[in-house]
Trainee: 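Quick one: the structure is below, and I'll ask about it shortly.
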Amino acid sequence: QVQLVESGGGLVQAGGSLTLSCAASGRTFSRYFMGWFRQAPGKERELVATITSGGSRNYVDSVKGRFTISRDNTKNTVYLQMNRLKPEDTAVYYCAAAVATRPGPNDYNYWGQGTQVTVSS
């Protein structure tokens, strides 16, 4: 049982930056795979970025070079630094946790409530 709480969403002008945080409960956070998802209006939920327990990162192509996922295991927190934001980045962003060894998108069983990111043109 993991509880995740996102924060840091808001309204940003195109080209701006925003950092999302996800605070996790639990004492085994350092062993979890973590991911950031987003769901834009009228679109399916999309896996944006993942970070393994060892710190390996992966990103969807559309955010490579602009977004950075990181984790601070001492604070039980995962971050998503978003730079050079585009209107198409507008979505509700969710953090999620998985305990599988090699989790796929459907293996993230613990979810935050989501935080709205809106990028204006």
Side-chain angles (χ1 to χ4, degrees):
Q1 184 176 346
V2 179
Q3 291 181 319
L4 306 171
V5 180
E6 303 99 334
S7 62
L11 196 156
V12 186
Q13 186 173 300
S17 298
L18 200 63
T19 299
L20 306 182
S21 299
C22 175
S25 67
R27 293 147 293 182
T28 59
F29 173 80
S30 63
R31 299 298 183 184
Y32 281 59
F33 284 62
M34 301 297 298
W36 284 98
F37 293 74
R38 68 185 180 187
Q39 188 163 24
K43 304 292 185 180
E44 295 183 351
R45 189 160 54 196
E46 175 186 37
L47 180 59
V48 177
T50 62
I51 185 165
T52 71
S53 59
S56 297
R57 303 165 179 174
N58 203 1
Y59 303 91
V60 67
D61 286 343
S62 61
V63 309
K64 286 181 179 176
R66 300 190 298 119
F67 290 12
T68 302
I69 186 172
S70 61
R71 65 193 298 163
D72 186 341
N73 291 335
T74 68
K75 298 180 179 179
N76 282 10
T77 303
V78 179
Y79 305 93
L80 186 67
Q81 175 67 49
M82 304 182 293
N83 298 322
R84 302 189 301 279
L85 282 160
K86 305 175 180 179
E88 49 263 46
D89 295 319
T90 295
V92 177
Y93 283 72
Y94 302 88
C95 68
V99 296
T101 303
R102 296 183 295 114
N106 60 344
D107 291 319
Y108 289 84
N109 296 321
Y110 306 98
W111 294 82
Q113 82 288 349
T115 185
Q116 176 71 48
V117 172
T118 302
V119 184
S120 62
S121 301

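Scope of the values below: all heavy atoms of this structure, side chains included, with no hydrogens, waters or symmetry mates. Since the structure is predicted, the reported quantities are computational estimates derived from the model, not experimental observations.
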Trainee: Which atom names give the shortest non-hydrogen contact between Ser121 and Pro87, and what distance separates them?
Mentor: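 For Ser121 and Pro87, the tightest heavy-atom pair comes out as OG-CG, 3.6 Å.
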Trainee: Looking at side-chain heavy atoms only, is the closest gap between Tyr93 and Gln39 below 4.5 Å?
Mentor: no
Trainee: Side chains of Met34 and Leu4, heavy atoms from C-beta outward: is any pair under 4.5 Å?
Mentor: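 Yes, close enough: below the 4.5 Å cut-off.
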Trainee: Kindly give the heavy-atom pair with the smallest separation between Leu11 and Ser120, and that separation in Å.
Mentor: CD2-OG, 4.2 Å
Trainee: When rounded to the nearest 0.5 angstrom, what distance separates OG1 in Thr115 from CG in Leu80?
Mentor: 11.0 Å
Trainee: What's the separation between atom CZ in Arg57 and atom CZ in Phe67, rounded to the nearest 0.5 Å?
Mentor: 14.5 Å
Trainee: Does a donor on one side chain and an acceptor on the other come within less than 3.5 Å for Thr118 and Gln116?
Mentor: yes
Trainee: Could you tell me which non-hydrogen atom of Asn83 sits nearest to which non-hydrogen atom of Ser17, and how far apart they are?
Mentor: OD1-OG, 2.9 Å
Trainee: How many angstroms lie between atom NZ of Lys64 and atom CG of Asn58, to the nearest 0.5 angstrom?
Mentor: 6.0 Å
Trainee: Are Arg71 and Tyr32 in a cation-pi contact, defined as NZ or CZ under 6.0 Å from the six-membered ring centre and within 45° of the axis?
Mentor: no
Trainee: Roughly how far, to the nearest 0.5 Å, is CG of Asp89 from OG of Ser62?
Mentor: 7.0 Å
Trainee: Any side-chain heavy atom of Val63 sitting closer than 4.5 Å to one from Glu46?
Mentor: no
Trainee: Carefully, step by step, assess Trp36 and Val78 under the rule side-chain contact (heavy atoms from CB on, under 4.5 Å).
Mentor: CA-CA 9 Å; Trp36 284 98; Val78 179; 3.4 Å; yes
Trainee: Could you tell me whether a side-chain N or O of Arg84 sits under 3.5 Å from a main-chain N or O of Gly65, the two making a donor and an acceptor?
Mentor: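 The answer is yes, because a donor-acceptor pair under 3.5 Å joins these two groups.
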Trainee: For a 4.5 angstrom cut-off between non-hydrogen side-chain atoms, does Arg31 reach Val99?
Mentor: no
Trainee: Give a yes or no on whether Gln3 atom CD has more than 12 heavy-atom contacts from other residues, nucleotides or ligands under 6.0 Å away.
Mentor: no
Trainee: Taking the hydrophobic residues Ile, Leu, Val, Met, Phe, Trp and Tyr, and joining any pair whose side-chain heavy atoms are under 4.5 Å apart, which ones share a cluster with Phe37?
Mentor: Phe33, Leu47, Val92, Tyr94, Tyr108, Trp111
Trainee: Determine yes or no for a side-chain-to-main-chain donor-acceptor pair under 3.5 angstrom, with Gln113 supplying the side chain and Glu6 the backbone.
Mentor: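 At least one qualifying donor-acceptor pair exists.
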Trainee: Considering only Ile, Leu, Val, Met, Phe, Trp and Tyr, and joining two whenever side-chain heavy atoms are under 4.5 Å apart, list the other residues clustered with Tyr79.
Mentor: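 Taking Ile, Leu, Val, Met, Phe, Trp and Tyr as members, Tyr79 stands alone, with no cluster partners.
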Trainee: Taking atom CG of Leu20 and atom SG of Cys95, what is their separation to the nearest 0.5 Å?
Mentor: 9.0 Å
Trainee: With side-chain contact (heavy atoms from CB on, under 4.5 Å) as the test, would you mind laying out the steps for Thr19 and Met82 before giving the verdict?
Mentor: CA-CA 6 Å; Thr19 299; Met82 304 182 293; over 6 Å; no
Trainee: So, taking the atom named CD in Gln81 and the one named CZ in Arg66, what distance separates them when rounded to the nearest 0.5 Å?
Mentor: 12.0 Å
Trainee: Which pair of heavy atoms, one from Thr77 and one from Ser21, lies closest together, and at what distance?
Mentor: CG2-CB, 4.3 Å
